[in-house]
2 protein chains.
Amino acid sequence: MTDTRPPRADAVRNRAALLSAAADEFAERGMDASVADIARRAGVGKGTVFRHFPTKDDLIAAIVLDRVGELTTAGDRLRDAADPGGALLEFLTIAAQQRQQRDLSFLHVAGDTNAAVAEARDQMYRTVHDLVDRARTHGALRTDVTGTDVILLMCAPNYVASYAPGASPDLWRRYLGILFDGLRPQGAHPLPEPPPPAL
Amino acid sequence: MTDTRPPRADAVRNRAALLSAAADEFAERGMDASVADIARRAGVGKGTVFRHFPTKDDLIAAIVLDRVGELTTAGDRLRDAADPGGALLEFLTIAAQQRQQRDLSFLHVAGDTNAAVAEARDQMYRTVHDLVDRARTHGALRTDVTGTDVILLMCAPNYVASYAPGASPDLWRRYLGILFDGLRPQGAHPLPEPPPPAL
DNA sequence: CGATAAACGGACCGCGCGGTCAACTTGTAC
DNA sequence: GTACAAGTTGACCGCGCGGTCCGTTTATCG
């Protein structure tokens, strides 16, 4: 019935090349990198892109799905760490490190049009909430900060660092450090605004 | 010789309407709001836009120039405040408050193509450096943070808050609070990465 | 080998963008 | 009121984008 023969060898090769090229291109130029450029970088024709991914959004979704999956895996591994505060910091480090992409903002975007991405995203969100709750309970996090806050703040270090012209590609670590100091309970000042609705 | 008669009344009216409409449109849709939409919003034809601003970039530059000017003025006023730490916080509040635009990132962009914007931007940067230096000397800021750091981080609260769907338009205040706690000297952990080259 | 379907490639399409222009309208000065 | 320059307008242009399509190539299998 649904007997589908395995795909051709060159097809799987091209698909992998496309995903890699697209990831690089999106990381360098942002989400508006053109499909033609991606095809050229992968060494295939433009039509081949659309054979594998019916829409540019589908290509983005494939990459996002991959990244978000890695993130969830890493987060789940860190859930049982002895030091929940360090675990959260490490999770945020992994999140920012992912191919030092300009930002993870397209995550929110892509999820709105693709159900699979939305599902993976929500799973990742749950993992973050969990890590945050553990860190807070453990006294490693200020009490007035929520998982949603951290989800939103996650992208900030990369975003900020991307506007420094000649800086080290690891500059985001600096701003993650500052951000994380702001999340610690020591010397936390009351926040003037309530947390946003949960994500 | 360069005797230029004053512009017509409707021209100055349209110019003002255009600037206002463009500011709104850019605030809502980001920098890729179309010129046609801006013209429609201002109630004028598309050609009129280009009569007043030869290029879309010139229109952006006019707005940015205005905002950056306000910011510099506010910063200069705050330079003599009794409490340099509070002054810096107030400056960052004003910066984020500016029409709650999605981000100030286009500032960096616009400066690369327009000399006047670059000049105003640099002046504003100097003001920030000054405010930061005073706050640091006063013990209100961690010692390992530079003016350039603050310039880069300035945009973060707005950026982060813009990704919360149904949240309060003042949500940025919350993230500015967290960020500023990360900038305080109390309980600051050493940063893993050196500061970026000065802006 | 062929035979065949899967995969490929690039010319092509429609669209919306920033920007131009020539015909038209209107504020202003006398 | 009239003349004229300043201002306005929307049709129009070229371009690059995402996406389509069909003639061609090629991996696979008996």
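A, B, ... follow the sequence lines: proteins, then strands. Residue 1 opens every chain.
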Requested in this report: Using heavy atoms and a sub-4.0 Å distance, could you list which residues of residues 45-55 of chain A are near DNA chain C? By number, please.
Outcome: Gly45(A), Lys46(A), Gly47(A), Thr48(A), Arg51(A), His52(A)
Report task. Quick one: label Ala39(B) by what it contacts on the DNA or RNA (base, sugar-phosphate, nothing), any heavy atom closer than 4.0 Å. Result -> nothing
Query - Whole-Å distance separating the CG atom of Asp57(A) from the P atom of dC17(D) - result: 16 Å
Report summary line: In whole angstroms, the gap separating P of dC17(D) from CD1 of Ile38(A) amounts to 11 Å
Run the side-chain donor-acceptor check on residues 183-199 of chain A: report pairs under 3.5 Å with partners two or more places apart or on a different chain.
unit_1: Arg184(A); atom_1: NE; unit_2: Asp181(A); atom_2: OD1; d: 2.7
unit_1: Arg184(A); atom_1: NE; unit_2: His189(B); atom_2: ND1; d: 3.2
unit_1: Arg184(A); atom_1: NH2; unit_2: Asp181(A); atom_2: OD1; d: 3.3
unit_1: His189(A); atom_1: ND1; unit_2: Gly187(A); atom_2: O; d: 3.1
unit_1: His189(A); atom_1: ND1; unit_2: Asp181(B); atom_2: OD1; d: 3.3
unit_1: His189(A); atom_1: ND1; unit_2: Arg184(B); atom_2: NE; d: 3.2
unit_1: Glu193(A); atom_1: OE2; unit_2: Ser168(B); atom_2: OG; d: 2.9

Could you list the protein-to-nucleotides 24-30 of chain D atom pairs, N/O on both sides, closer than 3.5 Å?
unit_1: dT26(D); atom_1: O2; unit_2: Arg8(A); atom_2: NH1; d: 3.2
unit_1: dA27(D); atom_1: O4'; unit_2: Arg8(A); atom_2: NE; d: 3.4
unit_1: dT28(D); atom_1: OP1; unit_2: Ala9(A); atom_2: N; d: 3.2

Requested in this report: List for me each residue that meets side-chain hydrogen bond (donor to acceptor under 3.5 Å, both in side chains) alongside Asp83(B), sequence neighbours excluded, and say none if there are none.
Outcome: none
Query raised in the report: Would one find a side-chain N or O of Asn14(B) under 4.0 angstrom from OP1 or OP2 of dG7(D)?
Result: no
Report task. Using a strict 4.0 Å threshold on nitrogen-to-oxygen distance, state whether Asp130(A) and Arg134(A) make a salt bridge. Result -> yes
Requested in this report: Can you measure from CD1 (Ile94(A)) to OG1 (Thr73(A)) and round to the nearest 0.5 angstrom?
Outcome: 10.0 Å
Report task. Round to a whole Å and report the spacing from CG of Asp37(A) to C1' of dG18(D). Result -> 13 Å
Requested in this report: Let me know the distance between CZ of Arg40(B) and C1' of dG10(D), rounded to the nearest Å.
Outcome: 12 Å
**Report entry** Arg15(A) CZ - dA6(C) C1' separation (whole Å)
**Finding:** 15 Å
Query raised in the report: Which atom pair, heavy atoms only, marks the closest approach of Ala9(A) to Val12(A)?
Result: O-CG2, 3.0 Å
Query - side-chain hydrogen bond (donor to acceptor under 3.5 Å, both in side chains) involving Asp170(A) - partner list, sequence neighbours excluded - result: none
Query raised in the report: Which whole-number value in Å describes the distance from Met31(B) CE to dC17(C) P?
Result: 16 Å
**Report entry** Among Thr146(B), Thr148(B), Val150(B), side-chain contact (heavy atoms from CB on, under 4.5 Å) partner for His129(B)
**Finding:** Thr148(B)
**Report entry** Gap separating the CH2 atom of Trp172(B) from the CG atom of Leu179(B), nearest 0.5 angstrom
**Finding:** 12.0 Å
Query raised in the report: Just checking Asp32(B): base, sugar-phosphate only, or nothing, at a heavy-atom cut-off of under 4.0 Å?
Result: nothing
Query raised in the report: Mind checking what makes salt bridge (Lys or Arg N to Asp or Glu O under 4.0 Å) contact with Asp10(A), not counting sequence neighbours?
Result: Arg8(A)
